[in-house]
2 protein chains.
Amino acid sequence: MVKLKDIAETTGYSITTVSRALAGYKDVSEATRRHIVDIALSMGYQPNAVARQLRSQKTDTIGIIIPAHDSRFSDDFFSELLMGIGYAAAHNGYDLLVSAQTSSDEMSAYQRIVGGNRVDGVILARTRRSDPRIAYLKEVGIPFVVSGRAAPDEPSDFPYIDADSQQGIYAATRHLIQLGHRNIGIVLPPLDIAFTPYRLMGYQRALLEANLPYEQANVTYGDLRRFGGQQAAHALLTQRPQLTAIVACNDAMALGVMQAVESLGLRVGADIAVTGFDDISVAEYATPPLTTVRQPIQEIGQRLVEMLVHIIHRQPLEHPQTLLSPTLIVRQSCGAKQS
Amino acid sequence: MVKLKDIAETTGYSITTVSRALAGYKDVSEATRRHIVDIALSMGYQPNAVARQLRSQKTDTIGIIIPAHDSRFSDDFFSELLMGIGYAAAHNGYDLLVSAQTSSDEMSAYQRIVGGNRVDGVILARTRRSDPRIAYLKEVGIPFVVSGRAAPDEPSDFPYIDADSQQGIYAATRHLIQLGHRNIGIVLPPLDIAFTPYRLMGYQRALLEANLPYEQANVTYGDLRRFGGQQAAHALLTQRPQLTAIVACNDAMALGVMQAVESLGLRVGADIAVTGFDDISVAEYATPPLTTVRQPIQEIGQRLVEMLVHIIHRQPLEHPQTLLSPTLIVRQSCGAKQS
DNA sequence: GTTGACATCCAAAACGTTTTGGGTTATCTT
DNA sequence: AAGATAACCCAAAACGTTTTGGATGTCAAC
């Protein structure tokens, strides 16, 4: 690899001058600058990013840690978000350092990435209740943004972007009620996920507004994956045969719910209406197509990156905390349209 | 941030000794080693990865560049591969540096990442005909592995993993023939993609074997996205009304083909059989579910990482070039099963 | 008491940049 | 012709590690 020293030797200038010439400082004459640049180009010089990072104490890199996967199934929401973040980062002149949690010790990845000075800032996804990761990032004082605000009873004293879960689930539930459903079940995410209470509140609000009773027995929980939705829905439907609709709190679980419905010999949309949340790309192609609450995943990724870059550059944020209004996408799984 | 110097000062040992104690060298006594480790722990020491990288000339990082996106649609195949690679990298003790192509100048991202010494090795996906990226990586001599071999008329003189495209498309086409189809169209990827000729060959082989004529007019091309498949199929079906089946060369295009079929008032599976390639997660949920050729995407990611790590460590590869046999997944879109 | 072996430690160099704090000319002012 | 100013250049330090090549001290063996 050719380095500054090599260019200095072949041009006869000092390392300092070569460095400053390439950086475009104005205390090097136009003639020598051009000469140095030409030589550097012809020698195929590429600055060593690591050395530069060490000296200038910045990396032009954003870190993100992907959650541990305990199943073979892919997390479509997360990978769409990841791609969105990747493109946005590149667009803003940043690279993306992706690290996966390996062991049970979830903090070690963060400590390695952040404490090791490998990134200028971090994006954190899927906030949890009293999230230790957020506490850590606050403590070390590194710039970070979060996809998803804190639980309602905790302070969201950090920059975030989030879809309005309550409003989204409210819209979905109300839609089901308007279609005539009176016995509506819900499959919630685990309680330690920060957005779970919001989604429950949206469900409750819609019931309340329609003078329908809120019954504990209609509420179950599943991990955010398909299998979790399937298990939860199976239990729900066998114990509560009067149900005619199920609100699932993300699309992956909604697909599982649909599986469970069919495995019980019922028809999705006709016998049991199903709705999801996220509008991952699968949703549109599901059988029947899934009525769901759309989050603009790619846009969220993009805005997260833009916020983070602002923070890194110590520029003030005009909207440090953004709540996006999700939109209800009505397809066939709720029975509103004929397929 | 606490550094070696700080630990050296509080313990009274030199920086050298602290460094060697933490690294577990045996020329530091057990007593002092323990003492130093304790102090380091209590001070919350995290080694500065950048400094370490500069000194030791290795980064424990794998690079991957995601292709430019000219549409809002996500590339499901690529993001599944990316997640697989991410997990596998973590599992092997590597981080993943993801960089997206921004400008039209596709090489600049590679030069920045590779020439800048930011990674120990690179994974390259979606090989193209006489791919300049491969030439570059060979030239600079950095370890790399490729997802997808070279075109049949070019040397595949690099380590790769690939699904056997020819066999996969052959299996899909033969299946259609066995179902009684005699007029089968195909939507190929662009010609500059390396696997395109293999897929065409699989199609031709199946026709030949069944004594069916190969007709140029039944062949079209689409970019690898859904819209490309839709356009291609629309043209194909209007110009060749005798067609009863279409082989699409990836799932995204197959979904587009299904759209086109329906927009022409025909029924997928009943009037026109459709098959895809990849088995991305959407395929299973398509309406009707898509008959396709499965590539084990996650496994490919995992094996790519393992190969790359071997190369980085200068360990010989037992199988530097792997061709995986894909399996035909029969669902309803080909009309073989009733939905 | 000298020698060698061993255990334990450390100063300094190196990795490739950027930046600091000048130094040397040449040109301009008076 | 001296002093001031500007234009151009550079040596050395710094970023935080790891590694090299000893230095020092202790102890056993002769």
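Note on naming: letters A, B, ... go to the chains in the order of the sequence lines (proteins, then strands), and numbering restarts at 1 for each one.
Taking 4.0 Å as the cut-off between side-chain N and carboxylate O, Asp60(B) and Lys58(B) count as a salt-bridged pair. Arg126(B) has a carboxylate O that lies under 4.0 Å from a charged side-chain N of Asp75(B), or vice versa, which qualifies the two as a salt bridge.
Relative to the axis of its first five pairs, the axis of the last five pairs of the helix from dG1(C)-dC30(D) to dT30(C)-dA1(D) sits at 70°, rounded to 10 degrees.
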Given side chain to side chain donor-acceptor pair (under 3.5 Å), test Arg118(B) with Ser99(B) step by step and report yes or no. CA-CA 11 Å; Arg118(B) 299 204 56 177; Ser99(B) 191; over 6 Å; no
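Checking side-chain atoms of Asp162(A) against main-chain N and O of Arg149(A) turns up a donor-acceptor pair under 3.5 Å. Proximity of a side-chain donor or acceptor of Thr127(A) to a complementary backbone N or O of Gly148(A) within less than 3.5 Å is detected. The backbone N or O of Ile15(A) sits nowhere less than 3.5 Å from a side-chain atom of Ser19(A) that would complete a donor-acceptor pair.
Atom-to-atom, CG of Leu4(A) to C1' of dA11(D) comes out at 15 Å; the value is rounded to the nearest Å. If you take CG of Leu54(B) and C1' of dA14(D), they are 12 Å apart, rounded to a whole angstrom. Distance Lys58(B) NZ to dT19(D) C1': 14 Å, rounded to the nearest Å. Rounded to an integer number of Å, the gap from Leu22(B) CG to dG16(D) C1' is 13 Å. For the pair Ile7(B) CD1 and dG16(D) C1', the computed distance is 12 Å after rounding to whole Å. Rounded to an integer number of Å, the gap from CD of Gln53(A) to C1' of dT17(D) is 14 Å. Rounded to whole Å, the distance from CE on Met1(B) to C1' on dC15(D) is 15 Å. Look at NZ on Lys5(A): it is 10 Å from C1' on dG16(C), rounded to the nearest Å.
Relative orientation of the Phe158(A) and Phe144(A) rings is tilted, given thresholds of 30° and 60° on the angle between their planes. Between His313(A) and Tyr94(A), the two ring planes are tilted [angle within 30° to 60°].
A donor N or O paired with an acceptor N or O is found under 3.5 Å between the base of dT18(D) and the side-chain atoms of Arg55(B).
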Tell me, for nucleotides 4-10 of chain D in 5' to 3' order, what letter each nucleotide earns: B for a base near a protein heavy atom under 4.0 Å, S for only sugar-phosphate near one, - for neither? ----BBB
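The phosphate of dT17(D) (OP1 or OP2) has a side-chain N or O of Tyr45(B) nearer than 4.0 angstrom. Side-chain nitrogen and oxygen atoms of Gln57(A) include at least one within less than 4.0 Å of the OP1 or OP2 phosphate oxygen of dG16(D).
The shortest distance between side-chain heavy atoms of Thr17(B) and Ile36(B) falls below 4.5 Å.
In terms of position along DNA chain C, the nucleotide closest to Asn48(A) lies nearer the 5' end than the nucleotide closest to the other residue of the pair Asn48(A) and Tyr25(A).
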